[in-house]
Amino acid sequence: MRILVTGGAGFLGSHLCERLLAEGHEVIAMDNLITGDVANIEQIRNDGFLFIKQDVTNYIYIDGPLDAILHFASPASPVDYLELPIQTLKVGSLGTHKALGLAKAKKARFLLASTSEVYGDPLIHPQKESYWGNVNPVGPRGVYDEAKRFAEALTMAYHRYHGVDTRIVRIFNTYGPRMRINDGRVVPTFIAQALEGNPLTVFGDGTQTRSFCYVDDLIEGIYRLLMSDCHDPVNIGNPSEMTILDFAGIILKLVGRPEEILFKPLPVDDPKVRQPDISRAKELLSWEPVISLETGLKRTIEYFSARARHRE
Ligand code: UDP
């Protein structure tokens, strides 16, 4: 297949490009590099790979046929989308519209990267795809949550009205090599703090929960979804849930540092709990995560410490 990955120079986009190339597909990565980085794709040596620097909120022109479009462009960490609120709304709305229009014109399959944030601060736990969510549209996180909810609605409209062959993946907290060290998310932040010998900044009292999925597991789930014929949203994430305070303890132990925590205020509308119900992915895709938190974190810590050594 000839596949376009928007956000192809980002954390997930770059892992996806590599996986698609390894499966023998031709890949075009598109990115405006506001949160992506060409360093994430510079190791790719493959004649079937092309990078185009473009903002997908503008008209997208691609020469020749396309068999699939994976729409992964968007700021994705709370710090990023608070700093880039308008771009976040635009890429989820206008960018999704352009990418769907291209899919329709090329008769290409379309896969939307959606998010567990569509569930907001959930009142149902764990979260099943049938739950409609609890999102504050006018809160600071609304720029991301509502953009992704709109993107899902637009994707289903193109599917129902234009017959576009669509997929929607709802991605839960994912971590691994190539996260930006300063993207503000808990995994790179805690690892950087632990490696530098600084206290770990736990927001609130640390009783809020998250469930962390290693990037390779997530990419496997997305690839299976792409190859399936499922048009309804599918949660992909790791159901192993923990409090952020316990997570801080795990990072400190793996890095070999004593317990030192600095409590900071909880960001507005920070979800209190989050855990994917992955029954649908298990049933339809025969998928479940296989990489343990310890294995995934060790690989991620190694990535960040190698980069720190490189900078010295
Ligand atoms: N968090 C924290 N300290 C940090 C960064 C994040 O305690 O330095 C918390 C944050 O408040 C949230 C959780 O960790 O409850 C996960 O945050 P992240 O930004 O990784 O993603 P989210 O799941 O909120 O989208």
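Both ligands and their constituent atoms are indexed starting at 1 by order of listing.
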Completion exercise
With heavy atoms and a 4.0 Å threshold, my read on which part of P267 contacts ligand 1 is side chain
Problem - Centroid separation F212 to F247 less than 6.0 Å - result: yes
Handout entry: ligand 1 contact by F190, heavy-atom criterion under 4.0 angstrom
Key = yes
Fill in the blank from the handout: For R274, the atoms of ligand 1 under 4.0 Å from one of its heavy atoms are 22 (P), 23 (O), 25 (O)
Exercise for the section: Answer yes or no: does an N/O atom from Y81 fall short of 3.5 Å to an N/O atom of ligand 1? Expected result: no
Exercise for the section: Go through D216 and R19 one step at a time and tell me if the salt bridge (Lys or Arg N to Asp or Glu O under 4.0 Å) criterion holds. Expected result: CA-CA 9 Å; D216 291 1; R19 173 64 189 269; over 6 Å; no
Problem - Side chain, backbone, both or neither: R141 near ligand 1, heavy atoms under 4.0 Å - result: side chain
Handout entry: Of the listed options L200, D270, T201, I244, closest to atom 4 (C) of ligand 1 (non-hydrogen atoms)
Key = T201
Practice task
Please state which part of R185 comes within less than 4.0 Å of ligand 1, counting heavy atoms only: side chain, backbone, both or neither.
Solution key: both
Handout entry: Distance in Å, K90 NZ paired with L84 CG, rounded so as to fall on 0.5 Å steps
Key = 12.0 Å
Problem - Backbone or side-chain N or O of Q193 under 3.5 Å from ligand 1 N or O - result: no
Practice task
Report yes if F203 has an N/O atom closer than 3.5 Å to an N/O atom of ligand 1; otherwise report no.
Solution key: yes
Completion exercise
Exactly one of T166, D67, D165, D229 clears side chain to side chain donor-acceptor pair (under 3.5 Å) with R109, and that residue is D165
Problem - Y175 ring center within less than 6.0 Å of Y214 ring center - result: yes
Practice task
Among L226, L70, T155, find the one that has a side chain to side chain contact (heavy atoms under 4.5 Å, CB included) with F110.
Solution key: T155
Handout entry: Subset of ligand 1 atoms that lie under 4.0 Å from at least one heavy atom of V202
Key = 7 (O)
Problem - In one Ile/Leu/Val/Met/Phe/Trp/Tyr side-chain cluster, 4.5 Å: I41, L21 - result: yes
Exercise for the section: Kindly indicate, with the supporting measurements, whether the criterion salt bridge (Lys or Arg N to Asp or Glu O under 4.0 Å) is fulfilled by E241 and R210. Expected result: CA-CA 6 Å; E241 183 186 10; R210 293 295 185 274; over 6 Å; no
Exercise for the section: Please could you name the atoms of ligand 1 that E117 approaches to less than 4.0 Å, counting only its heavy atoms? Expected result: 25 (O)
Practice task
May I ask you to list the atoms of ligand 1 that are less than 4.0 angstrom from any heavy atom of T189?
Solution key: 8 (O)
Practice task
Tell me which part of K264 gets within contact of ligand 1: side chain, backbone, both or neither, using heavy atoms under 4.0 Å.
Solution key: neither
Problem - Other residues, nucleotides, ligands: >12 heavy atoms within 6.0 Å of H97 NE2 - result: no
Practice task
Could you list which atoms of ligand 1 come closer than 4.0 Å to a heavy atom of N173?
Solution key: 21 (O), 22 (P), 23 (O)
Handout entry: Heavy-atom neighbours of R2 CZ exceed 12 at 6.0 Å
Key = yes
Exercise for the section: Taking only heavy atoms of Q208 into account, list the atoms of ligand 1 that are under 4.0 Å away from them. Expected result: 9 (C), 11 (O), 15 (O)
Handout entry: ligand 1 to V186 polar contact by distance, N or O atoms, under 3.5 Å
Key = yes
Handout entry: Heavy-atom side-chain proximity of I191 to I251 below 4.5 angstrom
Key = yes
Handout entry: Residue, atom name and distance, where the atom is the protein heavy atom closest to atom 23 (O) of ligand 1
Key = R210 NE, 2.6 Å
